[in-house]
Amino acid sequence: MQLQLRARGQRGGWRAGAGRPKGSRTSTRIAHRKRPRIGRHQAAHVTVKVLPLGRSLRSPRVRSALERIFAAEKRRKGFRLLHYAIRRDHLHLVCESDSTLALSRGVQRLSSRIARRVNKLWGRKGKLWSDRFHGRVLTTPRELRNVLRYVLLNEHKDALLEEGRNLGGGFDPCSSARWFDGWH
């Protein structure tokens with residue numbers, strides 16, 4: 001004979017307000033779709049945005065920390081970081097990888113290291129990135145040229161739009177433009 005247990009009525013079943021919070025914690029910017037396939041000889045333009053924290057990634061301390069991470073992660077496990085640009089609230093990366101999975105893992109590894117280091121520098125804890133990374137596979141030489149121009153010369157465009165700022169024809173110190181050897 002099986003004994004009966006008394007139901008408490010406290011746990012299990014449907015409850016009003018239970019489950020994942022609506023809107024505030026879920027990603028609404030980048031759709032959670034399957035990423036496009038990337039071949040071994042293709043590049044990708046990756047953008048990663050920071051939460052609106054009121055701080056800049058372009059400060060000298062953060063910039064030098066990011067450049068050390070970029071140097072360490074430049075060629076690891078099927079992922080190659082070709083160029084980068086550090087903007088105030090986001091990063092532009094031009095990457096190559098052996099596969100779509102290698103690209104995802106490489107950007108995740110890079111993002112994780114950056115988040116830990118920046119949080120330590122800023123004396124904070126928790127999430128740093130606002131959303132998933134946005135990636136676009138570059139399939140033609142013209143697309144690659146346009147992305148390189150956009151990533152490496154973005155600060156010059158912004159400086160021209162703001163009166164009184166001039167970079168003096170030099171390279172953006174927060175990008176890999178100084179190492180780019182394809183200038184004409």
*Has Arg88 got more than 12 heavy atoms of other residues, nucleotides or ligands less than 6.0 Å from its CZ?*
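Counting neighbours around CZ of Arg88, 12 or fewer heavy atoms of other residues, nucleotides or ligands fall under 6.0 Å, so no.
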*Is the number of heavy atoms from other residues, nucleotides or ligands under 6.0 Å of Arg178 CZ greater than 12?*
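Count over threshold, so yes.
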Nearest 0.5 Å, please: how far is [atom2] in [Y] from [atom1] in [X]?
{"X": "Gln42", "Y": "Glu143", "atom1": "CD", "atom2": "CD", "result": "9.5 Å"}
{"X": "Glu96", "Y": "Leu144", "atom1": "CD", "atom2": "CG", "result": "8.5 Å"}
{"X": "Phe180", "Y": "Leu82", "atom1": "CZ", "atom2": "CG", "result": "10.5 Å"}
{"X": "Ile69", "Y": "Leu81", "atom1": "CD1", "atom2": "CG", "result": "11.5 Å"}
{"X": "Phe79", "Y": "Ser99", "atom1": "CZ", "atom2": "OG", "result": "11.5 Å"}

Least distance between heavy atoms, [X] atom then [Y] atom:
{"X": "Arg61", "Y": "Ser64", "result": "O-OG, 3.0 Å"}
{"X": "Gly126", "Y": "Asn119", "result": "O-ND2, 2.8 Å"}
{"X": "Leu121", "Y": "Ala65", "result": "CD1-CB, 3.8 Å"}
{"X": "Val94", "Y": "Ala43", "result": "CG1-CB, 4.5 Å"}
{"X": "Ala115", "Y": "Trp129", "result": "CB-NE1, 3.7 Å"}
{"X": "Ala102", "Y": "Gly78", "result": "CB-O, 3.7 Å"}

Does some side-chain heavy atom of [Y] sit less than 4.5 Å from a side-chain heavy atom of [X]?
{"X": "Leu152", "Y": "Asp172", "value": "no"}
{"X": "His83", "Y": "Leu148", "value": "yes"}
{"X": "Arg105", "Y": "Lys77", "value": "no"}
{"X": "Cys95", "Y": "Leu103", "value": "yes"}
{"X": "Leu51", "Y": "Leu128", "value": "no"}
{"X": "Leu91", "Y": "Arg87", "value": "no"}

Under 3.5 Å: donor-acceptor pair, side chain of [X], backbone of [Y]:
{"X": "Ser176", "Y": "Trp179", "result": "no"}
{"X": "Ser112", "Y": "Arg109", "result": "no"}
{"X": "Arg55", "Y": "Trp122", "result": "yes"}

_Side-chain H-bond candidate by donor/acceptor type, Ser104 with Gln108, under 3.5 Å_ =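 No - no donor-acceptor pair under 3.5 Å links their side chains.
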*Side chains of Arg63 and Ser59: do they bring a donor and an acceptor to under 3.5 Å?*
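Checked: Arg63/Ser59 side chains show no N/O donor-acceptor pair below 3.5 Å.
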*Would you please name every residue forming a salt bridge (charged side-chain N to carboxylate O under 4.0 Å, His left out) with Asp98, sequence neighbours left out?*
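Applying salt bridge (charged side-chain N to carboxylate O under 4.0 Å, His left out) to Asp98 gives Arg40, Arg80.
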*Could you give me the CA-CA distance, side-chain angles and deciding distance for Tyr84 and Leu66, then say whether side chain to side chain contact (heavy atoms under 4.5 Å, CB included) is met?*
CA-CA 10 Å; Tyr84 66 88; Leu66 291 181; over 6 Å; no
*asked:* Is there a continuous path of hydrophobic side-chain contacts, each under 4.5 Å between heavy atoms, that joins Leu93 to Leu101?
replied: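 As far as the 4.5 Å side-chain criterion goes, Leu101 and Leu93 are not connected within one cluster.
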*Trace of the side chain to side chain contact (heavy atoms under 4.5 Å, CB included) decision for Phe70 with Ile86*: CA-CA 11 Å; Phe70 291 152; Ile86 303 168; 4.3 Å; yes
*Under a 4.0 Å N-O cut-off, is there an ion pair linking Lys49 with Asp89?*
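Salt bridge present between Lys49 and Asp89.
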*Might you work through the side chain to side chain contact (heavy atoms under 4.5 Å, CB included) test for Leu138 and Arg136, ending with a clear yes or no?*
CA-CA 6 Å; Leu138 309 172; Arg136 181 171 159 246; 4.0 Å; yes
*Worked verdict on Arg149 versus Arg145 for side chain to side chain contact (heavy atoms under 4.5 Å, CB included)*: CA-CA 6 Å; Arg149 191 175 78 196; Arg145 177 192 178 275; 3.2 Å; yes
*May I have all residue pairs that pass ring-ring contact (aromatic ring centres under 6.0 Å, His included) and include part of residues 89-112, sequence neighbours excluded?*
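ring-ring contact (aromatic ring centres under 6.0 Å, His included) check on residues 89-112 returns His45-His92, His90-His92, His92-Tyr150.
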